A.B. asks: 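Below is one structure. I have some questions about it.
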Amino acid sequence: MRSRSRPASLAFLALLAGACSDAGPSSLSQMSFNVATHAAAAATAGASLALVTPETFTDGTNTLVLTKVELVMREIELHRAGATTDCTTDTGDDCEELELGPVLVDLPLGTPGAARSFSVQITPGSYDKVELKLHASTSSSDDGFVQANPDLQGHSVRVTGTYNGADFVYTGDFDAEMEFELNPAIVAGETGATDLTLMVNLDGWFRDQAGALLDPATANPGQPNQGLVEQNIKSSLEAFEDDDHDGRHDHDGVEDGIAHQ
């Protein structure tokens, strides 16, 4: 798929409500986009998990604590099931293109299950792919967003926390286009709402290929681990239908939608 605090759901709902369809409001379907960092099932595995903010990771030597993780997203495209159109190059009737804010997505750290980020109105039908964009916001093209979120100017990702006790701020300044296959296809009807969850595996963001933790400061723009961490972030995302908001695919035994850059 193609690829960027204050929750975006209220700020942008009015804009999104009629963003991408010529059909009248009565014929549209609501799709809610949720984000998760832990499946709800993990909370029942034992009291030792005790998921709470902030999130802590270790490799036995180093300790990484994440206290805030923000993504900036812009534009979503849904591909109609069975269509042959490539939505990355052609946005015809087979593609439902949703122009967003940009939208700030504040990840729910340490919380099992999915939290709603924003909702959109789409044309009813079956969709087998979704494309999402991470977007590095700029003052020239995203003036209102930058004014409301000055810490995110020029960034698509922002993370704060500590590494071995020292404070850090990591910023990713890249755009990323990501495509997720939805298997089975997600069906948006004229009544009721459909939920799509974006699962983010934070544990893999700041690790090298051997699994050792990296100092996030070494991944900032111009630093030696910049490219590695950017790829880790893109590879950490999955998308799937999740009407019960538990952070797991609604269809047991089906592989979650993995990102294809």
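It should be emphasised that the depicted structure is a prediction, and the values quoted were computed from it without experimental measurement.
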A.B. asks: Looking at every heavy atom in both Tyr163 and Leu214, which two are closest together, and how far apart are they?
C.D. replies: CE1-O, 3.5 Å
A.B. asks: Kindly determine whether Glu70 and Asp151 satisfy side chain to side chain contact (heavy atoms under 4.5 Å, CB included), including the steps that lead there.
C.D. replies: CA-CA 11 Å; Glu70 299 166 296; Asp151 288 342; 5.9 Å; no
A.B. asks: Do Val69 and Glu55 make a side-chain contact, defined as non-hydrogen atoms from C-beta onward lying under 4.5 Å apart?
C.D. replies: no
A.B. asks: Apply side chain to side chain contact (heavy atoms under 4.5 Å, CB included) to Asn183 and Asp128, showing your working.
C.D. replies: CA-CA 7 Å; Asn183 179 28; Asp128 60 5; over 6 Å; no
A.B. asks: Can you tell me if Thr67 uses its side chain to pair, donor with acceptor, with the backbone of Thr160 under 3.5 Å?
C.D. replies: yes
A.B. asks: State yes or no: do Leu134 and Val146 share one hydrophobic cluster built from I, L, V, M, F, W and Y residues joined by side-chain heavy-atom distances below 4.5 Å, directly or via other members?
C.D. replies: no
A.B. asks: Can you check whether Val169's main-chain N or O pairs, donor with acceptor, with Asn220's side chain at less than 3.5 Å?
C.D. replies: yes
A.B. asks: When you compare the side chain of Val35 with that of Val200, does any pair of heavy atoms fall below 4.5 Å?
C.D. replies: no
A.B. asks: Gly247 and Ala36: which non-hydrogen atoms are nearest, and at how many Å?
C.D. replies: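 Closest pair (atom of Gly247, atom of Ala36, distance): CA-CB, 4.3 Å.
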A.B. asks: Heavy atoms only: give me the nearest Pro221-Asp173 pair and the separation to one decimal.
C.D. replies: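 Closest pair (atom of Pro221, atom of Asp173, distance): CG-OD2, 3.2 Å.
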A.B. asks: Would you say Ser236 and Leu202 make side-chain contact, with heavy atoms under 4.5 Å?
C.D. replies: no
A.B. asks: For Ala219 and Val229, which heavy atoms make the closest approach, and how far apart are they?
C.D. replies: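 Nearest heavy atoms, Ala219 then Val229: CB-CG2, 3.4 Å.
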A.B. asks: If every non-hydrogen atom of Gly211 is compared with every non-hydrogen atom of Asp59, which pair is closest and at what distance?
C.D. replies: O-CB, 4.3 Å
A.B. asks: Hey, are the side chains of Gln30 and Gln121 touching, using non-hydrogen atoms and a 4.5 Å cut-off?
C.D. replies: yes
A.B. asks: Are any of the side-chain heavy atoms of Leu196 and Tyr127 separated by less than 4.5 Å?
C.D. replies: no
A.B. asks: Would Val130 and Phe240 count as a side chain to side chain contact (heavy atoms under 4.5 Å, CB included) if you check the C-alpha gap in whole Å, the side-chain angles of each, and the deciding distance to 0.1 Å?
C.D. replies: CA-CA 9 Å; Val130 59; Phe240 45 85; over 6 Å; no
A.B. asks: For the residue pair Val157 and Trp205, establish whether any side-chain heavy-atom pair is separated by less than 4.5 Å.
C.D. replies: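 Yes. Closest side-chain heavy atoms under 4.5 Å.
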A.B. asks: Roughly how far, to the nearest 0.5 Å, is the CZ atom of Arg74 from the CG atom of Asp175?
C.D. replies: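 So the CG of Asp175 and the CZ of Arg74 are separated by 10.0 Å.
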A.B. asks: Spell out, as yes or no, whether a donor-acceptor pair under 3.5 Å connects the side chain of Asp143 to the backbone of Gln147.
C.D. replies: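 No: the side chain of Asp143 does not pair with the backbone of Gln147.
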A.B. asks: Nearest 0.5 angstrom please: Arg158 CZ to Leu152 CG, how far?
C.D. replies: 6.5 Å
A.B. asks: Is the ring centre of Tyr170 less than 6.0 Å from the ring centre of Phe206?
C.D. replies: yes
A.B. asks: May I ask you to test the Lys68-Asp106 pair for a side-chain heavy-atom distance under 4.5 Å?
C.D. replies: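 SC-SC contact between Lys68 and Asp106 confirmed.
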A.B. asks: Where do Phe174 and Lys234 land on the side chain to side chain contact (heavy atoms under 4.5 Å, CB included) test, with the steps shown first?
C.D. replies: CA-CA 10 Å; Phe174 59 95; Lys234 297 174 192 177; 3.9 Å; yes
A.B. asks: For Asn62, is there any backbone N or O sitting under 3.5 Å from a side-chain donor or acceptor partner on Thr58?
C.D. replies: yes
A.B. asks: Measuring from Gln231:CD to Leu228:CG, what's the distance to the nearest 0.5 Å?
C.D. replies: 8.5 Å
A.B. asks: Membership question, hydrophobic clusters at under 4.5 Å side-chain separation (ILVMFWY): are Leu107 and Val65 in the same one?
C.D. replies: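 Per the 4.5 Å side-chain linkage, Val65 and Leu107 are not co-clustered.
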A.B. asks: Drop me the distance from His249's NE2 to Met199's CE, to the nearest 0.5 angstrom.
C.D. replies: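 Atom-to-atom, His249:NE2 and Met199:CE are 12.0 Å apart.
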A.B. asks: For the backbone of Asp195 and the side chain of Asp243, can you confirm whether one donor and one acceptor N or O come within less than 3.5 Å of each other?
C.D. replies: yes
A.B. asks: Identify the residue among Thr197, Asn34, Val105 that makes a side chain to side chain contact (heavy atoms under 4.5 Å, CB included) with Ser117.
C.D. replies: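 Only one option passes, and that is Val105.
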A.B. asks: How many angstroms lie between OG1 in Thr63 and CG in Leu213, if you round to the nearest 0.5 Å?
C.D. replies: 7.5 Å
A.B. asks: Kindly compute the distance separating OG1 (Thr123) from CG (Leu78), expressed to the nearest 0.5 Å.
C.D. replies: 10.0 Å
A.B. asks: Should Arg207 and Asp203 count as an ion pair when the cut-off is N to O under 4.0 Å?
C.D. replies: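 Yes, this pair counts.
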A.B. asks: With a 4.5 Å cut-off on side-chain heavy atoms, are Pro54 and Leu109 touching?
C.D. replies: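 Heavy-atom side-chain distance check fails, nothing below 4.5 Å.
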